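Labels below follow one simple rule: chain letters A, B, ... track the order of the sequence lines, proteins then strands, and each chain is numbered from 1. Note that the structure is predicted; figures quoted are calculated from it, not measured.
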Amino acid sequence: MPVTNDEIAETFERCAALLEIEGANAFRVRAYRTAARTLRNLTQSAASLVRAGEDLAALPGIGKDLAAKIGEMTETGHLALLAELEGRMPGELAQLVAIPGLGPKRVKALHERLKIGTVEDLRRAAAAGRLRRLPGFGRKTEDKILHEIARRREIGRRIKLATAEQAAAPLLDYLKAVPGVEDAVIAGSFRRRQETVGDLDILVTCAKSAPVMKRFTTYEDVAEVVSAGTTRATVRLRSGLQVDLRVVPKASYGAALHYFTGSKAHNIAVRAIAVKKGLKLNEYGLFKGERRIAGKTEAEVFKRLGLTYIAPELRQDRGEIEAARKKRLPKLVTLADIRGDLHCHTDATDGRNTLAEMAAAAKARGYAYLAISDHTRHLTVAHGLTPKRLARQIERIDRLNETLKGIRILKASEVDILEDGRLDLPDSILEALDLTVCAVHFKFNLPADKQTERILRAMDNRHFNILAHPTGRLLGQREAYPLDMERVLRGALERGCYLEVNAQPERLDLDDLHCRMAKEIGLKVAISTDAHTTGTLGYMRYGLDVARRGWLEPDDVLNTRSWRALKKLLKRG
DNA sequence: GCCGTTTTCGGCCCGACTGTTTTCAGTCG
């Protein structure tokens, strides 16, 4: 099993944590973290690049030394440096720094003075009151550590974006109602439209901060006030969700919004540009000496730094700054570009609404087409259609299309990909469909090469059009099944097939990085909701979030086209 | 450890809050 980018990144992150505890040069530590991030953002596997003889030192943040270490890991599966570090101190110290309130300095002190090497050691020492005797520690720190250890066990880390939206809306309304508040907006990973968010970052502009801070920390859903200053406060809601509030004057709104939107890596890179120009960028504005030369809007800040406006979804330090400098940012796809939905269900299988209801709902959204893609028989739990039942549905759709104006219902099917790569419907009926959406719904645990071959064999069928939810992941519930995504994408391109971005909030599959991989090789994707109700046709915007984070433009997306143009693309030779 | 439109050496983003401090280190985002 080749070493994955994530595994190499994880190893570098462990090294960084342990080096930091050891007191290594902070910039050396950062270099390991930067390299880890570069690896996670890579659209090709580092192992295959090494095999192809590519020079990894050409990648941003990776030089000669780290390139050699990546080579070492792809060859041996291990890193000597990590083994050395773990020989000098317990490897689990790397997990201690993840506890809020503990950083490298304190972890070092805990290890040296109290021989603490594990989370359990730490819990026992804190419970026995031994922490407070260390210099720099006190009773409060000890209590906080115990509290955080207990909390770690019960609370899941990140929540889905759609769930965060539900918590955010009432809180934002509440803050907007505070007298004197001008703007209140959610920044952070929420604004970058990341698939999951760890916390909410709210930015408020107003002249006087005190009333807002008071109002915020006394919000009825607040379970705990973590910190509260004059311009910044952090609370934990009863759900466990952490919310940070920052208050700035109106003249700083743009700079603060940029700062608070992140990502951290993007901010660091943009601030470095400011430094190079002899300026200073912080959350209050862009400064030349004492004088603020920009800050009211984000656009103003970007402009003064010689950059075109960068959409929040792109702010990941994945090349967007360089592209902004060269005025080569993508013109991202928007909801207005979407002409139809290519994957949904009706009450014929596991959907809730009728064919006619789904059609009416799609028409109300202004779509030109909607593909009805109910399950096939193998998926018995969803009451999948037999060829006979599908044939009847095809007739019903034909009849419905005769009565509909302004929208066309496409005859489709979400066809199961069987274990041997065959499709779950005979060619005779596949031929009668406008398109197929094919998916893996069982045998998730095949080895990567077997799963990849299963899908590629299915794509060999000339009726295969779109691979639905290609990795099968469910956020927070189920890992993606092992798959060689590079081969799948290239295989699809060679055969005239496509992949789907499934917009269900718990799927978002393909993810943003896979979208970017597809774009790089010239493969178009469909953005589809997989709606099981009329209301969830509205999930389209979550799929767009992913596509935009993956740099996709209207041309990269299948369903920005008219049915006529789309039909040509689907036609296989 | 990385990197170069000041640089192959000497830089590397910036400020708020907390707790344990009598002036600031550590942590966080």
Give the B/S/- string for nucleotides 5-12 of chain B, one per nucleotide from 5' to 3', where a protein heavy atom under 4.0 Å of the base yields B, of only the sugar-phosphate yields S, and otherwise -.
-B-----B
Find the distance Phe260(A):CZ to dC28(B):C1' and express it as a whole number of Å.
11 Å
Is Arg139(A) touching bases, backbone alone, or none of the nucleic acid, heavy atoms closer than 4.0 Å?
sugar-phosphate
What is the nucleic acid contact for Tyr284(A), judged by heavy atoms within less than 4.0 Å: base, sugar-phosphate only, or nothing?
sugar-phosphate
Passing option when His266(A) is tested against Gln316(A), Arg271(A), Glu320(A) for side-chain hydrogen bond (donor to acceptor under 3.5 Å, both in side chains)
Glu320(A)
Can you tell me the distance, in whole Å, between the NZ atom of Lys108(A) and the C1' atom of dA25(B)?
15 Å
Comparing Pro135(A) with Arg28(A), nearest DNA chain B nucleotide closer to 5' gives the residue Arg28(A)
When we call it a touch if two heavy atoms are under 4.0 Å apart, what does Lys144(A) touch: a base, just sugar-phosphate, or nothing?
nothing
Taken to the nearest whole Å, CD/Glu322(A) to P/dG4(B) is 10 Å
Which pair of heavy atoms, one from Thr34(A) and one from Gly61(A), lies closest together, and at what distance?
CG2-CA, 4.1 Å
Sticking with atom P, work out how far dC2(B) lies from dT6(B), rounded to a whole angstrom.
23 Å
Between dT27(B), dC2(B), dG19(B), which one does the side chain of Thr141(A) approach most closely?
dG19(B)
How would you label the contact of Asn282(A) with the nucleic acid (heavy atoms, under 4.0 Å): base, sugar-phosphate, or nothing?
sugar-phosphate
Distance alone, cut at 3.5 Å: any donor-acceptor contact between the side chains of His147(A) and Glu224(A)?
yes
Glu298(A) vs Arg315(A), salt bridge (charged side-chain N to carboxylate O under 4.0 Å, His left out): CA-CA, chis, key distance, verdict:
CA-CA 13 Å; Glu298(A) 286 187 324; Arg315(A) 299 182 198 168; 2.8 Å; yes
Which part of the nucleic acid, if any, lies within reach of Gly188(A) when heavy atoms closer than 4.0 Å are counted: base, sugar-phosphate only, or nothing?
nothing
d(CG, Leu102(A); C1', dA25(B)) in whole Å:
15 Å
Taking dT20(B), dG26(B), dC2(B) as options, the one with an atom nearest any side-chain atom of Lys105(A) is dG26(B)
Taking pairing as Watson-Crick or G-U wobble with both contacts under 3.5 Å, can you name the mate of dG15(B), or confirm there isn't one?
dC28(B)
What distance separates Leu200(A) CG from Thr234(A) OG1, expressed to the nearest 0.5 Å?
11.5 Å
Can you tell me how far C1' of dG29(B) sits from CZ of Phe190(A), to the nearest Å?
18 Å
Within the 4.0 Å heavy-atom criterion, would you say Ile99(A) contacts the bases, only the backbone, or no part of the nucleic acid?
sugar-phosphate
Will you find, in the side chains of Glu92(A) and Thr118(A), an N or O donor that is under 3.5 Å from an N or O acceptor?
no
Give me the distance, rounded to whole Å, that separates dT22(B) from dC28(B) when you measure between the P atoms they each carry.
22 Å
C1'-based separation of dT7(B) from dC12(B) [nearest Å]:
13 Å
Once you apply a heavy-atom cut-off of 4.0 Å, does Gln242(A) come out as touching a base, just sugar-phosphate, or nothing?
sugar-phosphate
Whole Å only: how far is the NE2 atom of His258(A) from the P atom of dC14(B)?
13 Å
Could you please name the option among dG15(B), dC13(B), dC28(B) that lies closest to any side-chain atom of Arg271(A)?
dC13(B)
Tell me whether the guanidinium CZ or amine NZ of Arg33(A) lies under 6.0 angstrom from the six-membered ring centre of Phe12(A) and within 45° of its axis.
no
Using a 4.0 Å heavy-atom cut-off across all strands, classify Leu59(A) as base, sugar-phosphate, or nothing.
sugar-phosphate
Quick one: Ile70(A) CD1 to dG1(B) C1', roughly how many Å, whole number?
12 Å
Using atom C1' of each nucleotide, how far apart are dC13(B) and dT8(B) to the nearest Å?
24 Å
Base, sugar-phosphate, or nothing: which does Lys264(A) touch, judged by heavy atoms less than 4.0 Å apart?
base
Check: Gly472(A) main-chain N/O paired with Asp509(A) side-chain donor or acceptor under 3.5 Å:
yes
Taking the P atom in each of dA16(B) and dT20(B), what is the distance between them to the nearest angstrom?
22 Å
Nearest-angstrom distance, P atom, dT21(B) to dG15(B)
27 Å
With a distance cut-off below 6.0 Å to the six-membered ring centre and an angular limit of 45° from the axis, does Arg28(A) pair with Tyr32(A) as a cation-pi contact?
no
Euclidean distance, atom CG of residue Leu245(A) to atom P of dC17(B) [Å, nearest integer]
11 Å
So which one's nearest nucleotide on DNA chain B is more toward 5', Ala58(A) or Tyr259(A)?
Ala58(A)
Salt bridge or not between Arg37(A) and Asp317(A)? Use side-chain N to carboxylate O under 4.0 Å.
yes
Short of 4.0 Å, heavy atom to strand atom, which residues of residues 222-233 of chain A count as contacting DNA chain B?
Ser227(A), Ala228(A), Gly229(A), Thr230(A), Thr231(A), Arg232(A)
Positive for side-chain contact (heavy atoms from CB on, under 4.5 Å) with Glu148(A), one of Asp143(A), Ile99(A), Leu102(A):
Ile99(A)
State, without any angle test, whether Ser252(A) and Arg292(A) hold a side-chain donor-acceptor pair at a distance under 3.5 Å.
yes
